[in-house]
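One structure is given here, and the rest of the page talks about it.
Chain letters run A, B, ... following the sequence lines, proteins first and then strands; every chain starts at 1.
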Number of protein chains: 2
Amino acid sequence: MADVGAEGGRSPLRVAVLASGEGTNLQALLDGVHGAEAEVVAVGADNPQAPALERARRAGIGTAVFPKDAYPDRTARDAAISAWLQEQRVQLVVLAGYMALLSADFTRTWSGRLINVHPSLLPAFPGIRAIQQALDYGVRVFGVTVHLVDAGVDTGQILAQCAVDLPSARHESEVHAVLQPLEHALLCDTVRRYARGQVRSDPEHPRRMLVD
Amino acid sequence: MADVGAEGGRSPLRVAVLASGEGTNLQALLDGVHGAEAEVVAVGADNPQAPALERARRAGIGTAVFPKDAYPDRTARDAAISAWLQEQRVQLVVLAGYMALLSADFTRTWSGRLINVHPSLLPAFPGIRAIQQALDYGVRVFGVTVHLVDAGVDTGQILAQCAVDLPSARHESEVHAVLQPLEHALLCDTVRRYARGQVRSDPEHPRRMLVD
C-alpha cells in the first residue's frame with residue numbers, strides 16, 4: 001500500500017531498477033513516470049560499466065554495483081541487493097535488461113513487487129534471445145510481455161501484453177527496433193497502474209492478475 | 001502447381017475439407033472462397049453426424065465418412081482418406097475442426113498441401129482446448145494461427161497469424177466468440193493466397209514460409 005501524502009493523494013511509488021546494460025527501459029521510466037506517479041529511487045547493476053548507471057547519475061538517482069566476483073555465490077549477492085533495496089524503502093523492483101538470474105530467496109522476498117519486461121508474447125519464447133527464437137520458429141506476430149517475476153524463467157503472472165504483426169520480418173534488429181518502443185510504453189503504463197493501486201490478484205484465479 | 005485454364009488464368013484450386021463437427025470454417029470457405037480462387041470439391045468427416053456434412057451437401061459437394069470403428073487402425077483409416085482425396089484430385093487439404101490425429105504417413109503424403117487453423121498464437125498453447133489453456137495461463141493477448149501440418153501436434157510451419165487484445169477475458173466462450181470470425185477470415189485469406197501461388201518455402205530458412 002502506498003502512503004497517503006500531504007495533499008491527500010498517494011506518495012509516489014518508490015521504484016528501483018536493476019539493469020545490466022544500456023538502460024533504455026530505465027530511461028523510459030525516467031522520462032515517462034519518474035516524478036509523477038512513481039519515483040525511481042535506486043538503480044542497481046551487476047556490471048560496473050553498465051551505461052544505465054550513468055543515466056541514473058545524470059538524473060540524480062543513487063546507484064549501487066553488485067559485481068558477481070564480489071560475492072561467494074548468487075544467494076549472497078542477491079541478499080546484498082535485497083538489503084540495499086530495503087534500506088531505500090523500495091516498493092517495486094523493475095528488471096530492465098538485468099541479465100543475471102535471481103535467487104529463489106530474492107524472488108520470494110520481492111514476490112508481487114518484482115516485474116520484468118520480456119520481448120515475446122509469453123509463454124512463447126522465454127529466456128534469452130527471445131526475438132531470435134521467434135524468428136527461428138517462423139512466427140508472424142511478435143510482442144512484448146510485462147510480468148511478475150517468480151522463481152522460474154519468465155514464468156510469472158502476466159500484467160500486460162502487446163502484439164505486433166511483422167509477417168515479413170527476417171532480422172533480429174528490425175524486430176527489436178519495432179518492439180523496443182512498445183516495451184518502453186508497456187512498462188511505463190504498467191508501473192503507472194501499479195503505482196495507482198490498479199494491479200491486484202484475481203481471487204477467482206491463481207494465475208490471473210487484475211489490472212484496471 | 002495449379003493448371004492453366006481455358007481463359008489463360010489458373011483453374012480454381014481443388015480443396016478438400018476434413019471436419020468433425022459444426023463446420024463453421026468449412027462454411028466460411030464456402031461463402032468466401034468457393035467458386036472463386038478455389039473450389040471445395042470434397043468434405044470428409046470421421047463422425048457421420050457432423051453438421052459439416054450437411055453444409056457440404058447443401059452446397060452440392062461430395063462427402064465421405066471415415067468412422068474410426070470401420071478401420072483396424074489410424075494408418076488404415078488415413079490411407080483410405082488419402083486414396084479418396086487423390087481420386088478427387090485434391091490439391092490442398094484443410095483441417096477445419098477435424099479432431100482426429102492424423103498418421104505420419106498421411107502428413108507425409110500431404111506435406112506442404114495440408115493446413116490447419118488453430119485458436120492460439122502458436123507455438124503457445126498447442127493441442128486441445130487452446131483457449132482454455134491460454135485463459136488458465138493468464139495471457140492478455142489471444143490469437144489465431146494457420147499453419148502447415150506436420151507429424152507433430154500444431155508444430156508445422158506458420159502461414160498466417162492474427163492477434164487480439166482481450167486483457168479482461170475470463171471465459172472460453174467470450175474468447176471463442178472473438179476468435180471465430182478471425183479464424184474464418186485468416187483461413188479464407190490463406191487459402192486464397194495459396195490458390196494464387198503466393199505461398200512458398202523460404203530457401204534461406206527451413207522453418208519460414210514466404211506468403212506474399
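The two atoms that bring A:G156 and B:Y137 nearest to each other are O-OH, 4.5 Å, heavy atoms only. B:V139 approaches A:P123 most closely through the heavy-atom pair CG1-CD, 4.0 Å. Between B:A163 and A:V141, the closest heavy-atom pair is CB-CG1, 3.9 Å.
With hydrogens and angles ignored, the 3.5 Å screen pairs no side-chain donor or acceptor of A:H205 with any backbone N or O of B:G138.
Your options are A:T155, A:L159, A:L210, and the one with the most heavy-atom pairs under 4.5 Å with chain B is A:L159. Interface remark: of the candidates A:V211, A:L122, A:D136, A:L121, A:D136 forms the most heavy-atom pairs closer than 4.5 Å to chain B. The residue among A:R140, A:Q161, A:Q157 with the most heavy atom pairs within less than 4.5 Å of chain B is A:R140.
Identified by a heavy-atom distance below 4.5 Å to chain A, the contributing residues of residues 165-184 of chain B are B:D165, B:P167, B:S168, B:A169, B:R170, in residue-number order. Within residues 92-99 of chain B, no residue has any heavy atom under 4.5 Å from a heavy atom of chain A.
Neither the backbone nor the side chain of B:V164 comes within contact range of chain A; no heavy atoms are under 4.5 Å apart.
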